[in-house]
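Sequence lines set the chain letters: A, B, ... in the order given, protein chains first and strands last, and positions in each chain run from 1.
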Amino acid sequence: MYDAPSTTKEAVVTDVKIQANDVQVYYADNHAIKDVSVAIQDKTVTAFIGPSGCGKSTFLRCLNRMNDTIDICRVHGKIEIDGEDIYDKRVDPVQLRAKVGMVFQKPNPFPKSIYDNIAYGPRIHGMARNKAELDEIVERALRRGAIWDEVKDRLNAPGTGLSGGQQQRLCIARAVATEPEVLLMDEPCSALDPIATAQVEELIDELRQNYAVVIVTHSMQQAARVSQRTAFFHLGHLVEYDDTSKIFTNPEDSRTESYITGRIG
Amino acid sequence: MTDVSMESAAPRGTLTTVDARTKKRNAAEKRFRAYGLTAIVIGLFFLVVLAVSIIRSGLPAFTQTVVEVEFTLTQEQFDEAESQLLKTKAYENIFIAALQSQLEQRGLNVAFDAAAIERLLGKTGGTIREYFRANPDRIGTPVSFELAASSRVDGYFKGRVTRDSVVDSRFLMVTDLDLVDALYDAGIIKSAFNWNFITGADTGVDNPGGAGIGVAVIGSFFMMLVVLVLSLPIGVAASIYLEEFAPKNWFTDLIEVNISNLAAVPSIVFGILGLAVFIQFMHLPQSAPLVGGLVLTLMTLPTIIISTRASLKAVPPSIREAALGVGASKMQTVFHHVLPLAAPGILTGTIIGLAQALGETAPLLLIGMVGYIARAYPEGVVSGFIDPNSAMPAQIYTWAARADAGFYEKAWGGIIILLLFLLTMNLIAIILRRRFERRW
Ligand SMILES: Nc1ncnc2c1ncn2[C@@H]1O[C@H](COP(=O)(O)OP(=O)(O)OP(=O)(O)O)[C@@H](O)[C@H]1O
Ligand SMILES: [Mg+2]
């Protein structure tokens with residue numbers, strides 16, 4: 001068993017940011033998400049854990065309608081952010097994605113300069129009135145991504161020329177540069193070394209002050225360290241969703257217990 | 001070639017001795033390298049043979065045998081000649097006298113008559129008269145005339161015509177060659193670079209010496225302009241729509257299959273389509289580069305669409321996700337991220353399409369550009385598009401079909417110009433590609 005998270009990371013009861021009810025996702029005939037209902041709280045880190053192929057990424061991508069880009073993917077059910085149905089016909093997914101940022105499993109910087117990587121989002125959303133403001137946004141984002149010191153002397157170098165871990169932190173910086181309200185992270189640390197992982201985890205903890213953070217991870221330790229709430233997925237079902245401390249010390253479902261003790265998955 | 005069989009696990013041995021399996025593998029690799037090298041050598045050999053034969057046959061087109069005679073026309077001679085009934089004949093006599101005196105000056109004594117000069121140089125009187133009427137201020141001063149020798153005399157110097165092969169005719173007599181040799185010894189007849197071939201216009205069937213490809217180059221240029229301006233934006237827009245925006249259903253599948261098939265349609269089909277639609281139905285002018293360009297655009301579009309779609313597909317989906325993830329719209333994603341990455345590939349496809357279009361003759365046959373004798377440059381940009389003109393491959397085809405051996409050499413020379421034009425196009429594309437690729 002894992003250590004119970006320290007008291008400072010105990011979940012505080014906060015507002016619900018995202019409410020999902022009876023969500024079903026199909027890839028053509030493959031029923032990938034079955035009847036998932038979950039309430040994700042604001043200013044909280046929520047971890048999605050579960051064996052490979054259980055639908056964590058799929059569900060995460062429903063939250064910013066990234067699945068719209070997959071032709072064969074159909075989503076049923078209701079997902080509300082701040083009480084608004086994001087699958088409503090009137091919702092523009094582009095506007096939604098500005099509000100719900102995403103960091104992907106594989107680092108995917110644009111093949112442009114480090115500066116342009118960060119500045120792209122703020123630019124298209126008109127967040128800066130002039131170059132000085134944009135510079136400031138870029139610096140702030142890079143600092144929050146814990147990468148500023150490494151790249152401040154070469155902002156014009158290509159972002160693709162960084163190491164894998166640096167690229168991932170660049171992508172996190174890029175995601176926070178647009179000041180989203182929700183940050184979705186799909187295994188953000190799978191390419192990082194322990195030091196960079198620690199930096200990113202620290203960053204996630206910091207982001208919690210302002211955002212609702214949802215993180216998919218295969219590392220039980222990481223889930224235990226950074227999250228206040230944990231959701232365990234299995235074969236497309238949401239098996240258990242509770243305070244992280246509860247899931248890791250006293251899970252209700254036997255499947256959860258076997259997974260976190262390493263017997264399935 | 002690759003051995004995946006697992007029949008026998010290699011026995012444990014030292015690393016310093018190569019086991020049988022590794023030996024076999026290395027031998028296979030060596031063999032494959034040898035095949036590859038052989039293929040390249042064969043390819044290079046054919047390329048060299050092609051280049052050498054083109055250059056050997058085409059280079060003579062860039063030189064022209066000329067007769068250079070300097071003489072002064074006095075005002076009295078001019079007035080007298082203008083007052084006569086056969087004016088050009090009078091000028092011809094003046095020219096012949098000048099030539100004779102120059103030969104005498106050099107101590108050469110060859111007898112020749114006006115008919116021989118006509119066989120050698122064509123109607124010289126007309127050229128001289130035109131010159132002095134256009135430049136009256138040159139009367140009374142020494143003027144040096146460079147007159148192009150006839151096709152047979154030119155051929156004599158280039159080895160195409162020999163003393164043994166000459167049969168007396170109204171084009172050339174064996175005795176004329178004595179005169180030619182004498183003129184050569186006197187330094188009056190010589191070989192000069194033929195600028196007229198590059199800048200000049202086509203002549204009729206009887207004057208290969210004066211024929212040039214310049215006007216056809218202009219025709220091809222305007223045609224390529226039409227093709228580029230139409231097929232690049234239409235092709236790229238269609239590909240972006242099909243690749244990035246269109247829903248995948250039976251209708252778009254049908255379009256896709258049709259585009260692939262269009263790329264394989266023989267070009268003459270596009271030619272007859274152009275004839276029916278652009279000329280007979282829309283009443284656009286015949287033989288015009290505009291119509292040629294439209295027909296070639298139809299032909300080029302599938303090539304551009306196919307290569308553009310391939311290069312759009314090659315852009316990693318993670319880049320699209322990244323852009324969408326920070327809240328870019330579909331169009332912003334395509335234009336800010338996908339298109340710049342696909343640009344080098346699009347450029348390559350475009351240049352292949354244009355190169356194909358540039359060398360295409362068959363469709364031009366049907367819209368009247370083959371066989372049209374382009375005798376003059378278009379007067380302006382507009383007339384460059386709509387006035388009848390020829391195009392390089394059409395011009396080459398026309399020349400190759402003419403009887404006079406002089407045109408055969410011009411056809412080869414035309415091919416050199418065509419290849420140079422193509423090379424220039426490719427060079428521009430390479431420079432542009434470098435530009436785009438520098439953006440990582
Ligand atoms: N683009 C897609 N097209 C078709 N099926 C898909 C697609 N993406 C995922 N699936 C299917 O949906 C199911 C859930 O996949 P998902 O990627 O959500 O799993 P995951 O929990 O994120 O796994 P991992 O931990 O390995 O990333 C799988 O059965 C997978 O085959
Ligand atoms: Mg996943």
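Remark: side-chain polar atoms of H125(A) are paired, donor with acceptor, to backbone N or O of V326(B) under 3.5 angstrom. Counting only distance, with no hydrogens or angles, the side chain of N108(A) and the backbone of I319(B) share no donor-acceptor pair below 3.5 Å.
The two residues F110(A) and A322(B) have their closest heavy-atom pair at CE2-CB, 3.7 Å.
Remark: L324(B) CG to M66(A) CE distance equals 4.5 Å, nearest 0.5 Å. With rounding to the nearest 0.5 Å, the separation of CD1 in I124(A) from OG in S329(B) is 7.0 Å.
There is no contact between R123(A) and chain B, counting heavy-atom distances below 4.5 Å. Heavy atoms closer than 4.5 Å to chain B are found nowhere in P180(A), neither backbone nor side chain.
Aromatic ring centroids of H337(B) and Y120(A) lie under 6.0 Å apart.
Ion pair R61(A)/E321(B) flagged as a salt bridge, since at least one NZ, NE, NH1 or NH2 atom sits closer than 4.0 Å to an Asp/Glu carboxylate oxygen.
Top candidate by heavy-atom pairs under 4.5 Å with chain A, chosen from P247(B), P316(B), P317(B), G325(B), is G325(B). Looking only at heavy-atom pairs under 4.5 Å with chain A, the residue among K330(B), K248(B), Q332(B) that has the most is Q332(B).
At a threshold of 4.5 Å between non-hydrogen side-chain atoms, the residues T69(A) and R320(B) do not count as touching.
The neighbour count for F221(B) CZ, taken as heavy atoms of other residues, nucleotides or ligands under 6.0 Å away, does not exceed 12. Atom CZ of F245(B) is surrounded by more than 12 heavy atoms from other residues, nucleotides or ligands within 6.0 Å. Atom CD of E202(A) has 12 or fewer heavy atoms from other residues, nucleotides or ligands within 6.0 Å.
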